[in-house]
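Each chain gets a letter, A, B and so on, in the order its sequence line appears, and its residues count up from 1.
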Number of protein chains: 2
Amino acid sequence: MESKHCIDGIIAALKKTARPGKQAGERKGYHHGDLRTALIHAAEDLLAERGAEGFSLREVARRAGVSPGAPAHHFSSAAGLLTEIAISGFDQLAADLQRIAETDLPPAERLQAQGIAYVRFGLKQPGRFQLMFRHDLLLPDNDRLHAAGKTAMKELEETVRLYRTAQGRPADDAEVMRLCLAIWSMVHGFLQLTLDGKFAALAPDGSIDAFVVSELPAIIKATWP
Amino acid sequence: MESKHCIDGIIAALKKTARPGKQAGERKGYHHGDLRTALIHAAEDLLAERGAEGFSLREVARRAGVSPGAPAHHFSSAAGLLTEIAISGFDQLAADLQRIAETDLPPAERLQAQGIAYVRFGLKQPGRFQLMFRHDLLLPDNDRLHAAGKTAMKELEETVRLYRTAQGRPADDAEVMRLCLAIWSMVHGFLQLTLDGKFAALAPDGSIDAFVVSELPAIIKATWP
DNA sequence: AGATCGATCTGAACACTGATAAGATTGTCA
DNA sequence: TGACAATCTTATCAGTGTTCAGATCGATCT
């Protein structure tokens with residue numbers, strides 16, 4: 001009995017890490033085995049390929065080799081599936097920011113690095129990033145989603161507090177919040193405008209990402225030296 | 001002959017300003033008379049009610065009292081109609097910014113006022129604003145759209161140039177561009193995050209607009225004094 | 001071991017969407 | 001008046017998310 005349960009756990013873990021089922025038709029029988037995570041993986045792939053607007057729940061089911069009605073047994077709706085992906089996106093973002101917070105860089109450089117990391121995150125995963133800020137595609141009032149978003153922002157908040165105190169300026173909650181909103185807004189807007197192609201004319205050779213990554217540090221450092 | 005054409009012009013002008021056809025069934029006969037502008041008005045109303053995601057070309061046709069296929073004779077596609085609305089949005093935004101540029105405020109206050117005007121524009125017309133930055137819903141490579149966007153940004157650019165020279169700091173093209181990107185990114189990101197509800201937790205009494213309008217000036221002035 | 005039962009998936013609906021094409025209608029112009 | 005081009009209707013197509021009765025399967029209980 002006990003050994004059986006143990007083996008089941010190992011098998012389930014192997015299935016998750018091995019990422020099977022990406023090819024349709026790999027299924028053993030009527031039951032998929034781990035459809036929930038297979039759907040999430042398929043959705044992440046689709047999001048990476050076509051962006052948030054090219055997403056389609058039926059296409060995800062198709063890629064998982066399953067009928068259009070199958071996802072309903074694992075997610076309340078398309079928004080439910082997308083919400084999971086948005087949550088893991090905020091988790092990844094928080095991890096990226098935390099990695100910088102744990103360095104021994106001076107506060108100013110730490111702040112700048114976090115801003116750059118925010119933009120890099122969005123450039124690497126445009127579809128996922130834009131999804132994270134499309135509340136019309138996500139479940140409203142989802143506690144885990146809100147919590148994940150706040151966790152990511154806490155990373156920035158702590159850095160801002162250090163930055164202010166290192167500057168010898170007041171670091172009360174109101175001042176910290178204002179600077180948080182300021183830098184978050186700037187990197188977020190910069191990223192959104194980039195992803196929407198509004199800076200296309202500024203990059204002569206057509207490589208927007210290169211332009212963005214080269215100009216952004218100068219912009220941030222000029223604003224918050 | 002000539003008087004007839006003249007009268008036709010007057011009638012057409014009256015129709016445009018009077019905004020008829022908002023109620024379905026007001027049509028005289030088989031032909032609508034001024035369906036193109038009626039569709040634009042209906043689309044603007046729908047956008048104001050349900051936002052960019054609630055938009056539907058069929059619903060617009062329904063509101064104009066016309067069949068689903070009718071819009072195809074006036075716009076190449078749904079994106080064609082939405083592009084017209086985005087263009088007029090950039091025109092309005094440019095006018096708002098220009099109104100401030102024509103005042104005799106000192107450059108710093110002028111810059112701050114333009115940032116605040118940008119956010120106010122988006123708060124007043126959230127659906128239209130978000131549409132303006134959803135290139136997946138608009139016609140790609142539309143010259144008039146790109147031109148309208150650039151015109152709006154020129155208003156900001158001139159103010160930035162004044163601001164830099166008034167500060168006695170270098171105002172070459174590269175520096176002006178960087179500051180333009182910085183302030184545009186911040187107000188744009190601030191607005192996007194607000195409209196996506198990411199600041200909802202910060203406004204205690206639930207009135208986000210009031211919170212935003214009260215905090216934004218402090219944030220901008222703290223960043224660019 | 002065998003029956004049962006809940007979880008899982010299918011397949012077919014339903015009500016939508018945007019786009020397209022053939023035909024009906026109308027205004028205009030020669 | 002007749003012809004023509006612009007305009008609008010109607011029907012159709014392919015696609016979407018969601019729902020639901022029924023098929024299938026794994027696991028659990030007797």
**Student:** Taking only residues two or more places apart in sequence or in another chain, which ones pass salt bridge (Lys or Arg N to Asp or Glu O under 4.0 Å) with A:Lys154?
**Tutor:** A:Glu157
**Student:** Sequence neighbours left out, what passes ring pair (Phe, Tyr, Trp, His ring centres under 6.0 Å) with A:Phe190? Give chain and number order.
**Tutor:** A:Phe199
**Student:** D:dA21 P sits how many Å from A:His73 NE2, rounded?
**Tutor:** 12 Å
**Student:** Kindly state which residues belonging to residues 128-144 of chain B come within less than 4.0 angstrom of DNA chain D, counting heavy atoms of the residue only, listed by number.
**Tutor:** none
**Student:** Sequence neighbours left out, what passes side-chain hydrogen bond (donor to acceptor under 3.5 Å, both in side chains) with A:Glu158? Give chain and number order.
**Tutor:** none
**Student:** When every nucleotide of nucleotides 13-19 of chain D is labelled 5' to 3' by its protein contacts under 4.0 Å (heavy atoms), B for base, S for sugar-phosphate only, - for none, what sequence of letters results?
**Tutor:** ---SBBB
**Student:** What is the distance, rounded to the nearest whole Å, between atom CG of A:Leu35 and atom P of D:dT24?
**Tutor:** 19 Å
**Student:** Going by side chain to side chain contact (heavy atoms under 4.5 Å, CB included), name the residues that satisfy it together with B:Ser56, two or more places apart in sequence or in a different chain.
**Tutor:** B:Arg58, B:Glu59
**Student:** What is the distance from CG of B:Asp34 to P of D:dA6, rounded to the nearest Å?
**Tutor:** 17 Å
**Student:** Test of understanding: with side chain to side chain contact (heavy atoms under 4.5 Å, CB included), list the residues that count as partners of B:Ser76, not counting sequence neighbours.
**Tutor:** B:Leu139
**Student:** Roughly how far, to the nearest 0.5 Å, is CG of A:Leu123 from CD1 of A:Ile116?
**Tutor:** 11.5 Å
**Student:** Quick test of your reading: applying salt bridge (Lys or Arg N to Asp or Glu O under 4.0 Å), list the pairs with at least one residue in residues 84-93 of chain A, sequence neighbours left out, ordered by first then second residue.
**Tutor:** A:Arg36-A:Glu84, A:Glu84-A:Arg144
**Student:** Give the rounded distance in Å between these two atoms: NE2 of B:His74 and C1' of D:dC8.
**Tutor:** 8 Å
**Student:** Sorted by first residue and then second, give each side chain to side chain donor-acceptor pair (under 3.5 Å) pair with at least one member in residues 132-142 of chain A; sequence neighbours left out.
**Tutor:** A:Glu53-A:Arg134, A:Arg134-A:Asp136, A:Arg134-B:Glu53, A:His135-B:Asp196
**Student:** Starting from P on D:dA6, measure out to CZ on B:Phe75 and report it in whole angstrom.
**Tutor:** 17 Å
